[in-house]
Every structure is written in C-alpha cells, then in structure tokens.
Amino acid sequence: MKNQFVLGPRSLKILPLRLTGGKIQGELEPPADKSITHRAIFFSALSPEKSVIENPLLAEDCLSTLRCFQDLGVPISLKNNRVTVAAGKKRSGSVLRLLSKPKRALDCGNSGTTMRMLSGVLAGQPFLTSLVGDASLSRRPMLRVIDPLNKMGAQIKSANGNPPLRVNGSFPLKSLHWENKVASAQVKSALLLAGLSAVGKTCVWEPVKSRDHSERLLRSMGAQITQKRDAGLAGGCAVTVRGLAGALRGLHMRIPGDFSSAAFFIAAALMSPGSKLKINNLNLNPTRTGFLNVIRRMGAKTRIVNARMKSNEPVGDLWVEYSPLKGAELKCCEVPGMIDEVPILAVLATQAKGSTKIRGAGELRVKESDRLRAISLCLSAMGARIAERKEGLDIWGPCALRGAKVRSFGDHRIAMSMSIAALLAQGKTEIVDFDCVRISYPDFLQDMKSVIRAQKI
Ligand code: S3P
C-alpha cells in the first residue's frame with residue numbers, strides 16, 4: 001500500500017480506490033472526542049480535587065486548552081495517555097479552584113472552544129488576562145460570548161468583536177437569563193462556567209439543543225444543573241446552573257471516541273463498493289449524531305451494537321457498509337446536531353442519487369474557515385455539481401469526481417472531507433495544507449491506511 005498516499009511536507013497526494021482495487025474494511029477505534037476532552041480538562045482544572053482523565057484527545061486544540069490552564073497555575077500533567085490534575089486550593093467564597101494570574105497572554109491556537117469557554121471562566125476571576133489565537137481564530141466572532149459575560153459583570157474588550165480579547169473579570173458575577181439566537185454549545189458552556197461564579201441562577205436558552213457534554217459532566221461532578229425543553233415542536237432548550245453551590249468534585253473518566261472524526265470513515269465505507277467497517281467505542285450522544293439520522297434517511301445501512309453508558313455518556317460500536325444512497329433535505333433544526341459533519345455530508349451527497357439540500361447552516365461560514373465556500377470550491381474543482389446558498393448548499397448526484405489539486409483552507413474538517421472525496425475520484429488528488437488535521441485527528445492518515453484493503457499496490 002506504499003503508493004496510495006504520498007505525504008509531502010504539507011500536502012497529501014491520494015490515489016483513488018478504483019486504481020488500487022481498494023475498499024474500506026476492518027475495525028477502527030476513532031480518536032477520543034474533542035469536545036469531551038476540552039470539557040474534561042476545563043472542569044478538572046476548576047475542581048479543587050484531584051482528577052484523572054484517561055484516553056484524552058492529544059490533538060492541537062485540546063493541547064491549547066491544557067497549556068492555558070497550566071499558565072493559570074493549575075498542576076496538570078500528561079503521561080501514558082492520561083491527564084492528571086493534582087488537588088489544589090479552593091478559592092474562598094467559591095466552589096472552584098484558586099487560579100493565578102498568568103504571566104503572559106493565553107494562547108488558544110486554532111481553538112474556538114478554548115477561547116469561548118475560557119472567556120466564561122476568566123469572567124469570574126478578579127484579574128486581567130489576554131486571550132490570543134492564530135489567524136483563523138482571530139477572524140471568528142466573539143461578541144456572542146462578550147455581550148452576555150459583560151452583562152454578568154465582567155469587562156471584556158476586543159477590537160471589532162474578534163480576538164484578541166482582554167478579559168477583566170470580577171467575583172462574584174451577577175446571574176443572567178440569556179436567549180441565544182443561534183444554538184451554540186461553546187456559548188452555552190461559557191455562560192454555564194461563568195454561572196458557577198455568579199450569585200443565584202444563570203439560565204441559557206437556545207432555539208435547538210446543542211451538544212450537552214458540559215451539562216452531563218458538570219452534573220456528574222456535583223454542579224446543580226437543570227434542563228427544560230420547550231413545549232411543542234420548536235425544540236428549544238433552557239439550561240440553568242445555580243452559582244456558588246454544589247462543590248465541584250474531581251473527575252475520573254475515560255474519553256469515548258469522537259463521532260465527528262468517525263464520520264469521515266462512515267462516509268468512506270458508505271461510498272466504496274464492497275466496504276464493511278466496524279467503529280468501536282464511539283460516543284453516541286444524541287445531540288451529536290444528527291449525521292446518522294440523515295444518512296439513514298439517505299439509505300445508509302448502519303447498525304449499533306453493544307450500546308452502553310460510560311461516564312454519563314452513551315457509547316456503542318457502529319457497523320456501516322456500502323449502501324446506494326439517495327439525496328436528502330436537511331432541515332434547519334437538524335444542523336446543530338451535525339454542525340461539524342456538513343462538509344463530509346456534502347461529499348456524500350455527490351454520490352447520492354438526486355438532490356441534497358442543506359439549509360440553516362449559516363454558522364458554517366464562521367467556523368475554522370467559511371466551510372460552505374471552502375467545500376463548494378473544493379468539490380467544484382473535482383467536478384461536483386454543487387451550488388453555494390447564503391445559508392446552505394445544493395448538491396446534485398451521483399457525479400463522477402475527478403482528481404484535482406485542492407486547498408484545505410487551513411481547516412482540518414475540509415482537509416479530511418477532501419481526503420475521502422479523493423478516494424472516490426477518477427485520478428490523483430493533491431490536498432494542500434493537509435497538516436491542519438493535527439487540530440483534531442493527528443493519526444487520520446494512519447487510520448485511513450489501516451482500513452483500506454487495496455489489491456493492486
Ligand atoms: C463545539 C461546538 C460546536 C462545534 C465545535 C465544537 C464544542 O460549535 O462546531 O467544533 O466543543 O462546544 P458551536 O458552538 O457552534 O455549537
């Protein structure tokens with residue numbers, strides 16, 4: 001299999017499966033969940049008790065979170081695929097650990113989750129901190145956390161609502177009832193974190209329920225969190241945290257596999273004739289598996305086995321096999337449950353019979369790249385029939401993709417989506433700036449090689 005992939009200093013050249021007679025087969029354990037790893041580090045760092053996190057995701061985004069907390073004086077160590085946070089002092093009047101003012105600006109790298117959730121933590125710390133990020137993060141909107149956190153009593157400043165941020169925190173904060181216009185787990189988590197340092201109850205409402213890992217983890221650590229779904233079909237959800245209550249206990253957990261990372265291989269198996277793949281130890285939290293619902297509507301043959309609960313999160317193993325697909329319509333309310341899977345869904349739609357319409361996905365324009373633009377440029381270059389809409393995409397299939405030279409736009413999810421598209425193309429594809437996969441899935445290429453059974457190389 002030595003020639004199917006040629007990895008240059010930054011770019012990856014991929015030969016399609018049809019040239020190597022390959023298919024996707026075997027078993028895979030995806031990397032640990034990125035969102036849960038971030039939160040496990042955040043909440044362990046804030047608990048004054050000792051915590052142990054097994055199988056954390058050691059990818060660039062989560063390492064940014066880890067380093068920021070080290071800079072805030074938290075004794076975190078990383079050894080043998082385990083993060084240990086030593087016990088520390090509790091701040092008086094608070095349920096949280098005493099943090100110290102960092103000596104330098106906190107570098108959030110490429111990670112929106114780190115910057116937004118840290119803003120929530122620092123809002124309740126009585127010192128001044130700066131938060132900085134890389135070029136992509138410096139373009140991302142932060143007013144969505146700045147406005148509510150300032151209402152709670154923090155003073156957060158930024159130029160034009162983008163990073164860098166200067167956070168002048170205060171303690172205790174005022175409680176808040178906040179209506180989020182757009183569902184966002186990062187914003188919700190930031191406000192819940194600030195709510196832990198506020199007097200009384202802080203409530204965050206969102207129009208569609210976003211991923212609820214923060215609620216599950218914080219509750220298992222002793223925080224007083226309640227959830228209420230709106231009546232009717234709208235699907236809105238309110239989460240309330242009681243501040244300064246319920247001592248935050250230490251955390252002992254193993255992080256399950258990341259559904260968003262697994263989605264690339266689910267798609268590869270669905271599109272490649274003869275494929276059958278088992279993905280083990282996968283987080284199947286229903287606020288994350290919207291992609292599964294959509295591909296099942298498209299005709300995907302999938303089966304969950306060994307479903308179980310681990311550390312308050314649903315986990316299972318997933319079988320997926322090659323399936324002829326038909327197009328589907330994605331409703332606005334389905335987007336939050338598969339927000340990071342829209343680019344790979346677009347790839348899948350190029351191979352599905354009929355049209356696929358994706359709507360209500362305007363948030364994709366303010367992710368690590370403008371993902372609607374990036375995926376439609378890349379797939380168009382490969383000959384796909386795809387049209388960009390203001391808040392979505394239209395894709396018509398099935399369509400024979402041809403190999404091309406495409407850019408990742410420095411966005412890990414675009415790089416991986418295009419790697420899967422390349423497996424189906426007629427000729428060789430080159431993905432420039434492939435190395436950004438280190439943000440969420442450093443072993444992506446090794447895992448791809450491990451599940452491809454090629455006959456001719
Ligand atoms: C994340 C939430 C999502 C997602 C991001 C990770 C999180 O963003 O796109 O990759 O860990 O909270 P939203 O804030 O839009 O929900």
Side-chain angles (χ1 to χ4, degrees), residues 1-26 28 30-31 59 260-277 279 320 322 325 341 343-352 368-369 371 374-384 386 395 397-457:
M1 267 267 295
K2 51 186 186 301
N3 294 326
Q4 182 146 25
F5 305 98
V6 180
L7 185 60
R10 289 177 77 190
S11 80
L12 174 71
K13 292 192 180 120
I14 304 181
L15 274 188
L17 289 177
R18 71 183 66 234
L19 288 183
T20 61
K23 55 188 173 193
I24 309 291
Q25 233 171 27
L28 184 77
S260 300
S261 298
F264 299 107
F265 294 104
I266 296 174
L270 283 176
M271 293 185 289
S272 314
S275 297
K276 192 163 184 181
L277 181 68
I279 303 177
V320 53
Y322 167 74
L325 299 175
E341 286 71 75
I344 189 64
L345 181 73
V347 174
L348 211 50
T350 66
Q351 304 308 304
E368 285 84 327
S369 70
R371 287 184 173 158
I375 200 71
S376 81
L377 285 175
C378 288
L379 286 174
S380 300
M382 294 182 79
I386 179 165
I395 304 136
C399 173
L401 298 177
R402 49 175 193 267
K405 185 171 178 176
V406 293
R407 290 199 291 141
S408 72
F409 295 83
D411 184 330
H412 52 130
R413 305 233 183 257
I414 300 297
M416 291 186 277
S417 298
M418 295 318 294
S419 312
I420 303 302
L423 292 178
L424 306 166
Q426 304 278 2
K428 194 191 283 176
T429 296
E430 180 174 357
I431 300 163
V432 182
D433 278 346
F434 175 79
D435 55 343
C436 58
V437 299
R438 70 183 185 284
I439 296 296
S440 64
Y441 201 159
D443 293 336
F444 177 73
L445 188 53
Q446 285 98 300
D447 282 357
M448 183 138 91
K449 286 178 182 167
S450 80
V451 294
I452 290 180
R453 299 280 168 273
Q455 284 159 9
K456 295 189 195 140
I457 289 184

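Residues take their numbers from the sequence shown, with the count starting at 1. Please read all numbers here as calculations on a predicted model, not as lab measurements.
Remark: S408 engages no residue in a side chain to side chain donor-acceptor pair (under 3.5 Å) (not counting sequence neighbours). For R10, the salt bridge (Lys or Arg N to Asp or Glu O under 4.0 Å) criterion is met by D433, D435, not counting sequence neighbours. For F265, the ring-ring contact (aromatic ring centres under 6.0 Å, His included) partners two or more places apart in sequence, or in a different chain, are F444. E368 is linked by a salt bridge (Lys or Arg N to Asp or Glu O under 4.0 Å) to R140, R371, counting only residues two or more places apart in sequence or in another chain.
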(request) Please assess M271 against V347 for the test side chain to side chain contact (heavy atoms under 4.5 Å, CB included), listing each intermediate value before the final yes or no. (result) CA-CA 10 Å; M271 293 185 289; V347 174; 3.9 Å; yes

(request) For side chain to side chain contact (heavy atoms under 4.5 Å, CB included), just list the numbers for I279 and I266, CA-CA rounded to whole Å, side-chain angles, deciding distance to a tenth of an Å, and then say yes or no. (result) CA-CA 8 Å; I279 303 177; I266 296 174; 3.6 Å; yes

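The heavy-atom pair separating P30 from Y441 by the smallest distance is CA-OH, 4.5 Å. Looking at every heavy atom in both residues, A346 comes nearest to I375 through CB-CG1, 4.1 Å. When every heavy atom of N3 is checked against every heavy atom of V6, the shortest pair comes out as O-CG2, 4.3 Å. Nearest approach of S275 to K23, heavy atoms of both residues: OG-CB, 3.7 Å. Nearest heavy atom pair, residue C378 against residue F409, reads SG-CE1, 3.9 Å. Looking at every heavy atom in both residues, C436 comes nearest to H412 through O-CB, 3.3 Å.
To the nearest 0.5 Å, the span separating CG on L12 from CG on L7 amounts to 5.5 Å. Of the inter-residue distances, the one linking I24 atom CD1 with R453 atom CZ reads 9.0 Å to the nearest 0.5 angstrom. Annotation: the span from I431 atom CD1 to K405 atom NZ amounts to 12.5 Å, rounded to 0.5 Å. Atoms CD and CD1, from Q4 and I14 in turn, are 8.5 Å apart once rounded to the nearest 0.5 Å. The structure places CE of M448 at 4.0 Å from CZ of F5, a figure rounded to the nearest 0.5 Å.
Although no hydrogens or angles enter the test, the distance criterion places no donor-acceptor pair under 3.5 Å between the side chain of Q25 and the main chain of I452. At least one donor-acceptor pair under 3.5 Å links the side chain of T20 to the backbone N or O of L17.
In this structure, D447 and L28 have side chains that are in contact, with non-hydrogen atoms separated by less than 4.5 Å.
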Acceptor/donor pairs from residues 421-428 side chains to any protein atom, 3.5 angstrom cut, sequence neighbours excluded:
none

Quick one: side chains of residues 413-420, donor-acceptor pairs under 3.5 Å with protein atoms, not counting sequence neighbours, listed by atom name and distance.
residue : atom : partner : partner atom : Å
S417    : OG   : R413    : O            : 2.7
S419    : OG   : A415    : O            : 2.8

